[in-house]
Number of protein chains: 2
Amino acid sequence: MPNDSSEFVQALREAGLKVTQQRVALLATLMESTDHPNAEEIFVRVRALDDSVSLATVYRTLSTLEEAGLVQRLTFENEPARFEITPASQHDHLVDVDSGEVIELPSEELNRIRQDLADRLGYEIVSLHSFIRARKKPAVS
Amino acid sequence: MPNDSSEFVQALREAGLKVTQQRVALLATLMESTDHPNAEEIFVRVRALDDSVSLATVYRTLSTLEEAGLVQRLTFENEPARFEITPASQHDHLVDVDSGEVIELPSEELNRIRQDLADRLGYEIVSLHSFIRARKKPAVS
DNA sequence: TTTTTTGCAAACCTTTTGCAAGCTG
DNA sequence: CAGCTTGCAAAAGGTTTGCAAAAAA
């Protein structure tokens with residue numbers, strides 16, 4: 001396994017996962033992606049770095065990395081799952097129903113309230129999945 | 001089409017939809033369900049009322065009713081979509097990752113904050129999909 | 001060398017769809 | 001009666017899996 005210097009190699013080691021070319025390529029791809037690509041899109045992008053990667057491996061690796069907490073799966077309606085590198089702080093997503101664009105919402109306040117609700121019910125939060133489907137309002141003159 | 005007295009018949013009329021035995025049966029089923037069943041489960045329950053209903057119709061009807069705003073689709077991870085009669089007030093869902101149980105969270109405050117965030121970005125909310133995956137904490141003595 | 005990971009292709013599962021027949025308004 | 005709705009069976013689309021070969025530790 002190449003290039004121990006990479007931050008991804010380290011992340012994989014810390015997660016107790018074997019360091020493979022494919023996993024590193026996938027993490028690198030996801031790190032460069034500012035949008036929220038789905039498996040198919042990730043597949044295309046990963047192949048630019050390593051054209052040996054198969055779609056099956058993309059799916060398998062995404063699940064593995066999700067389980068390890070390195071990647072976050074976003075489950076929206078009527079579309080394949082999207083993915084992102086686990087963000088420093090949890091946030092909600094606003095999905096533009098017309099363009100499909102995803103905007104990340106700052107939500108410390110939302111997080112605090114949710115944390116509180118869960119606490120009160122005796123639950124600890126495992127993960128959060130929040131998206132608001134919304135439509136751009138005509139600009140106010 | 002039977003029994004005009006039913007509240008469901010009226011709801012369908014108001015939505016501008018044709019009143020069919022299948023739609024009424026599906027609405028009745030969903031109204032009786034306190035859990036959040038998926039299409040397959042709804043299919044089984046509807047057949048208790050009207051054994052002519054097909055699974056295809058369950059899916060088609062759910063989509064139709066969703067579009068009409070009478071039904072809400074809940075998209076969780078790694079499982080088929082679940083449905084509920086459109087609730088009086090929007091709420092978040094807490095999903096017990098061990099049991100699969102879904103708990104509805106009171107969230108006027110969350111709603112207000114989200115409304116605010118969307119407003120500020122110039123968006124109007126179309127629908128909300130929020131679920132928190134959580135695990136029961138051991139009871140504190 | 002042992003064990004895990006991968007590629008390929010086939011399978012899976014949920015959801016959608018074409019079509020002819022049956023209802024609704 | 002015109003047009004929407006349904007049942008059936010087949011198809012679609014995203015995701016998973018069995019297996020033998022390849023790579024990691």
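Below, read A as the first sequence line, B as the second, and so on, with proteins coming before strands; counting in each chain starts at 1.
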Separation of [N] [atom2] from [X] [atom1] (nearest whole Å):
| X | N | atom1 | atom2 | result |
| --- | --- | --- | --- | --- |
| A/Asn38 | D/dG14 | CG | C1' | 10 Å |
| A/Tyr59 | D/dT17 | OH | P | 13 Å |
| B/Leu74 | C/dT15 | CG | P | 12 Å |
| A/Leu62 | D/dG14 | CG | C1' | 13 Å |
| B/Asn78 | D/dT15 | CG | P | 10 Å |
| A/Arg13 | D/dA25 | CZ | P | 7 Å |
| A/Leu65 | C/dT5 | CG | P | 11 Å |

Do the side chains of [X] and [Y] get close enough for a salt bridge, i.e. N-O under 4.0 angstrom?
| X | Y | answer |
| --- | --- | --- |
| A/Glu66 | A/Arg73 | yes |
| A/Asp35 | A/Arg82 | no |
| A/Asp50 | A/Arg45 | no |
| B/Asp98 | B/Arg133 | no |
| A/Asp116 | A/Arg112 | no |

Ring pair (Phe, Tyr, Trp, His ring centres under 6.0 Å) for B/His129 and B/His93? Distances and angles first, verdict last.
CA-CA 9 Å; B/His129 307 266; B/His93 295 89; 9.4 Å; no
Overall bend - the helix from C/dT1-D/dA25 to C/dG25-D/dC1, comparing terminal axes fitted on five pairs, nearest 10 degrees:
50°
Rounding to 0.5 Å, atoms CG (B/Leu62) and CD (B/Glu67) come to a distance of 12.5 Å
Without hydrogens or angle criteria, can the side chains of A/Thr61 and A/Thr64 be said to hold a donor-acceptor pair below 3.5 Å?
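No, no side-chain donor-acceptor contact under 3.5 Å.
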Base-contact (B) and sugar-phosphate-only (S) positions in nucleotides 3-12 of chain D, heavy-atom cut-off under 4.0 Å, - elsewhere:
BSSBBBB---
